[in-house]
Amino acid sequence: MNTSTSSTVARAKVHQTSTSPTVANILDSGNYGDNPVLHFWMNTENTDMAFKIYIGGTSSSNRRSLQGSNANTGGNWKLHAVRLNGFIPGQTSINNVLELRITPGSSSATVPAYFNFDWFIVTDRVLTEFGAVDVTDDFNPAG
């Protein structure tokens, strides 16, 4: 990104814009052993930014944020894991919205900033044998 605002500059929509039964059922009881875990590779090329996950809607109550140095992976690719069950308190359905968004974080953020994503998958556990790091508790409400 080469401009600094607090608005979304990039997003990955894990869901489809039409009804996607696979995504819609991620949080359903019994699926993924009641422990759905989203995994993705990320490389921020040693820059800070705000990384937000939206589940079930696009309002502030439906998002969580990993920001600044907490989101900075250095110059390395890192496999992140986010436990989705309870990630958004009280959220029991994807409601056809599962998005990963990038913003500079504020209008005074340092630019340019870089980010790279790869390989999105939901499993029933954190894939530690592949180096996955559980970053669930590092996210904050993004009100």
Path from W41 to V135 over hydrophobic side-chain contacts below 4.5 Å: no
Check for me, please, whether F115 and I53 land in the same ILVMFWY cluster - side-chain distances under 4.5 Å, paths through other members count. yes
Listed by chain and number, what are the side chain to side chain contact (heavy atoms under 4.5 Å, CB included) partners of N116, not counting sequence neighbours? N43, E45, W77
Would you please name every residue forming a side chain to side chain contact (heavy atoms under 4.5 Å, CB included) with T123, sequence neighbours left out? V37, H39, I121, L127
Start with the C-alpha distance between L84 and I26, add both sets of side-chain angles, then the distance that settles side-chain contact (heavy atoms from CB on, under 4.5 Å), and finish with yes or no. CA-CA 9 Å; L84 298 178; I26 288 174; 3.9 Å; yes
By side-chain hydrogen bond (donor to acceptor under 3.5 Å, both in side chains), which residues pair with [X], not counting sequence neighbours?
X	result
T92	none
N85	none
S59	S61, N62
T73	T44

How far apart are the closest heavy atoms of D34 and P36, and which atoms are they? C-CD, 3.6 Å
Shortest non-hydrogen contact from V126 to A81? CG1-CB, 3.8 Å
Between N31 (side chain) and L27 (backbone), is there a donor-acceptor pair under 3.5 Å? no
Mark yes or no for whether N46, through its side chain, and G75, through its backbone, hold a donor-acceptor pair below 3.5 Å. no
Partners passing salt bridge (Lys or Arg N to Asp or Glu O under 4.0 Å) against D118 (at least two apart in sequence or in another chain): none
Residues at least two apart in sequence or cross-chain that pass salt bridge (Lys or Arg N to Asp or Glu O under 4.0 Å) with D28, listed by chain then number, are none
Heavy-atom side-chain contact between R101 and T58 under 4.5 Å: yes
Compare all side-chain heavy atoms of V133 with those of L79 and state whether any distance is below 4.5 angstrom. no
Before giving the answer on side-chain contact (heavy atoms from CB on, under 4.5 Å), spell out for F51 and F117 the whole-Å C-alpha distance, their side-chain angles and the decisive distance to 0.1 Å. CA-CA 11 Å; F51 172 66; F117 285 122; 3.2 Å; yes
Look up atom CG in D138 and atom OG in S65, then write down how far apart they are to the nearest 0.5 Å. 11.5 Å
Spatial distance of atom CG (D48) from atom CG (N72) [nearest 0.5 Å]: 4.5 Å
Of E99, R64, R63, which is the lone residue that meets side-chain hydrogen bond (donor to acceptor under 3.5 Å, both in side chains) with Y54? R63
Could you walk me through whether L100 and L38 satisfy the side-chain contact (heavy atoms from CB on, under 4.5 Å) test, starting with their C-alpha distance in whole Å, then the side-chain angles of each, then the deciding distance to 0.1 Å, before giving a yes or no? CA-CA 11 Å; L100 312 177; L38 172 67; 4.0 Å; yes
Sort and list the pairs that fulfil ring pair (Phe, Tyr, Trp, His ring centres under 6.0 Å) and have at least one residue in residues 78-102, not counting sequence neighbours. F40-H80, F87-F139
Pairs flagged by salt bridge (charged side-chain N to carboxylate O under 4.0 Å, His left out) wherever residues 78-98 is involved - sequence neighbours left out: R83-D134, R83-D137
Applying side-chain hydrogen bond (donor to acceptor under 3.5 Å, both in side chains), run through N35 and D124 and close with a yes or a no. CA-CA 5 Å; N35 187 41; D124 63 352; over 6 Å; no
